[in-house]
Novice: 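Structure in structure tokens, see below.
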Amino acid sequence: MQWITIFKKELVEDWRNFKWVWVPLVFIIICIMDPLSTYYLPQILDAVGGVPEGTVIEGPELGPTEAIMFSLTEVSMLGVLVIVAISMAVIAGERKSGVAELVLVKPVSYFTYISAKWAAKLLLVFTAYLIGMLTSWYYVNLLFGDLSASQFIGLFLFYFIWLIFVVTLTFLYNTVVKIPGLVLTLSIITIMAMSAINQIFSFRMPWFPNSISEHITTMLAEGAIPNDLWGAAGITLGLSVILLVVSNFILKTKEMAD
């Protein structure tokens, strides 16, 4: 009952802040930006001008799998930044203002408090990500060729596992510090550091969380789910669970110390 109450409160608060409106809209823009601009590049250059007369501009020949991966690339950059931004003050802001202390004084467990807010934020992220990718899928099928439903579902679900990790990592830093801006900074630095590690040691660590998008590309090209993708997805989910448990421990320790 307490979990449901906190979960609903978080959903209502996001609605009052219009996050249920602008976050999906932002994801739509992020997901369709690259496929559309790539397809209409010749027309864009022609409209802008500055191209020598008689020059013939041809856009790159892309298949549906390459086009949909453009959307996923933008989600991995701009989308992740948006996710961290909407999650950076979920707990840290309430700890700073003293609201968290008032809630936790009541017979509410720390894990109930964290997990309910985590689930509410994941629901928002899932909805925005789904709407954005469905819009991208529509335009990819319209402009670049057919991408099957099974390919889209596989791509969508496997990459959402990475987004679960991003949300959970941000929640961890919410329990470590009370300043939302610092939560944002630490989360982005950690994700960038993980990306650098993956680029350097990808051949030795094929199951590293950041390698999920690379394995998704292989899955779309080969038409089968590679073992490395299953491994990376499993490890990423496992790390997310661990981070959630650690977040509970850190919050409990810090609040009891205060």
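Everything numeric in this text was worked out from a predicted model, so none of it was measured.
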Novice: Rounded to the nearest 0.5 Å, how far apart are CD1 of I235 and CE of M205?
Specialist: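 Here the interatomic distance stands at 10.0 Å.
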Novice: Might you work through the side chain to side chain contact (heavy atoms under 4.5 Å, CB included) test for F208 and F201, ending with a clear yes or no?
Specialist: CA-CA 9 Å; F208 201 66; F201 301 104; over 6 Å; no
Novice: Can you tell me how far apart CG (L169) and CG (L244) are? Round to the nearest 0.5 Å.
Specialist: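 Taking CG in L169 and CG in L244, the distance rounds to 12.0 Å.
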Novice: Quiz question: by atom type and distance under 3.5 Å, do the side chains of T236 and W162 form a donor-acceptor pair?
Specialist: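 Side-chain D/A pair, T236 to W162: absent.
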Novice: Under 4.5 Å between any side-chain heavy atoms of V80 and V75, yes or no?
Specialist: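 No, their side chains stay 4.5 Å or more apart.
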Novice: Taking a hydrophobic cluster as the set of Ile, Leu, Val, Met, Phe, Trp and Tyr residues connected by side-chain heavy atoms closer than 4.5 Å, whether directly or through intermediates, do V12 and Y113 fall within one such cluster?
Specialist: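 Different hydrophobic clusters.
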Novice: For A116 and W3, work out which heavy atoms get closest and say how close.
Specialist: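 Taking A116 first and W3 second, the nearest heavy atoms are N-NE1, 3.3 Å.
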Novice: Would you check if N210 and Q199 make a side-chain contact, meaning some heavy-atom pair closer than 4.5 Å?
Specialist: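 No, too far: nothing below the 4.5 Å cut-off.
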Novice: Please table the atom pairs, donor to acceptor, closer than 3.5 Å between any side-chain atom in residues 24-35 and protein atoms at least two apart or in another chain.
Specialist:
none

Novice: Under the criterion side chain to side chain contact (heavy atoms under 4.5 Å, CB included), I'd like the reasoning laid out for Y40 against L143: C-alpha separation, chi angles, the key distance, then a yes or no.
Specialist: CA-CA 10 Å; Y40 289 108; L143 302 176; 3.9 Å; yes
Novice: Let me check something: do I189 and Y173 share a hydrophobic cluster, defined by ILVMFWY side-chain heavy atoms less than 4.5 Å apart, either directly or through other members?
Specialist: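 No; tracing contacts between hydrophobic side chains, which count when under 4.5 Å, never links both residues.
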Novice: State, with a plain yes or no, whether a side-chain heavy atom of F158 is found less than 4.5 Å away from one of W230.
Specialist: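 Touching, per the 4.5 Å side-chain cut-off.
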Novice: Hey, what's the ring geometry for W137 with F152, parallel, tilted or perpendicular (30° and 60° as the breaks)?
Specialist: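 Plane angle under 30°, so parallel.
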Novice: Identify whether V245 and Y110 are in the same connected component of the hydrophobic contact network (ILVMFWY, side-chain heavy atoms under 4.5 Å).
Specialist: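 Unlinked, V245 and Y110 end up in two clusters.
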Novice: Side chains of M133 and I68, heavy atoms from C-beta outward: is any pair under 4.5 Å?
Specialist: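 Touching, per the 4.5 Å side-chain cut-off.
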Novice: Aromatic ring centroids of F156 and F126 under 6.0 Å?
Specialist: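 Close enough - the centres of the two rings lie under 6.0 Å apart.
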Novice: Taking the side chain as every heavy atom from C-beta outward, state whether L243 and F165 have any pair of such atoms under 4.5 Å apart.
Specialist: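 A side-chain contact exists here, since the closest heavy-atom pair is under 4.5 Å.
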Novice: If every non-hydrogen atom of K19 is compared with every non-hydrogen atom of L124, which pair is closest and at what distance?
Specialist: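 Result for this residue pair: O-CD1, 3.8 Å.
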Novice: Among V82, I83, V23, exactly one meets side chain to side chain contact (heavy atoms under 4.5 Å, CB included) together with V125. Which residue is that?
Specialist: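 When V82, I83, V23 are each tested with V125, the side chain to side chain contact (heavy atoms under 4.5 Å, CB included) holds only for I83.
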Novice: Any side-chain heavy atom of Q151 sitting closer than 4.5 Å to one from L155?
Specialist: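 Heavy-atom side-chain distance check fails, nothing below 4.5 Å.
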Novice: Nearest 0.5 Å please: distance from the OG atom of S247 over to the CG atom of N174.
Specialist: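 The distance works out to 8.5 Å.
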Novice: Any heavy-atom pair between the side chains of T65 and M69 that's under 4.5 Å?
Specialist: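 Answer no - side chains too far apart.
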Novice: Within a strict 4.5 Å, meaning less than it, do heavy atoms of the F171 and T175 side chains meet?
Specialist: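 They are not in contact (no side-chain heavy atoms under 4.5 Å apart), so the answer is no.
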Novice: Hydrophobic clusters here meaning ILVMFWY residues chained together by side-chain heavy-atom distances under 4.5 Å, can you tell me if W118 and I242 are in one?
Specialist: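 Hydrophobic grouping puts W118 with I242.
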Novice: Other residues, nucleotides and ligands only: do more than 12 of their heavy atoms fall within 6.0 Å of CE on M77?
Specialist: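 Result for CE/M77: enclosed.
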Novice: For V140 versus P64, what's the shortest heavy-atom pair and its separation?
Specialist: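 Here V140 and P64 meet closest at CG1-O, 3.5 Å.
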Novice: More than 12 heavy atoms of other residues, nucleotides or ligands under 6.0 Å from CG of L123: is that the case?
Specialist: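 Check passes, neighbour count above 12.
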Novice: So with a 6.0 Å cut-off around CH2 of W15, is the heavy-atom count from everything else above 12?
Specialist: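 12 or below, so no.
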Novice: Looking only at heavy atoms, which two atoms of P180 and K178 are closest? And how far apart?
Specialist: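 Closest pair (atom of P180, atom of K178, distance): CD-O, 3.3 Å.
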Novice: Enumerate the residue pairs fulfilling side chain to side chain donor-acceptor pair (under 3.5 Å) with a member in residues 214-227, sequence neighbours excluded, ordered by first and then second residue.
Specialist: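 The answer is N198-E214, S211-H215.
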Novice: Determine whether the side chains of T170 and S87 contain a donor N or O and an acceptor N or O closer than 3.5 Å.
Specialist: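 No.
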Novice: T112 and S115: which non-hydrogen atoms are nearest, and at how many Å?
Specialist: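 Distance-wise, the nearest heavy atoms are O-OG, 3.5 Å.
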Novice: Quick one: pull up NZ in K117 and CG in D14 and give me the separation to the nearest 0.5 Å.
Specialist: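 Result: 9.0 Å between the selected atoms.
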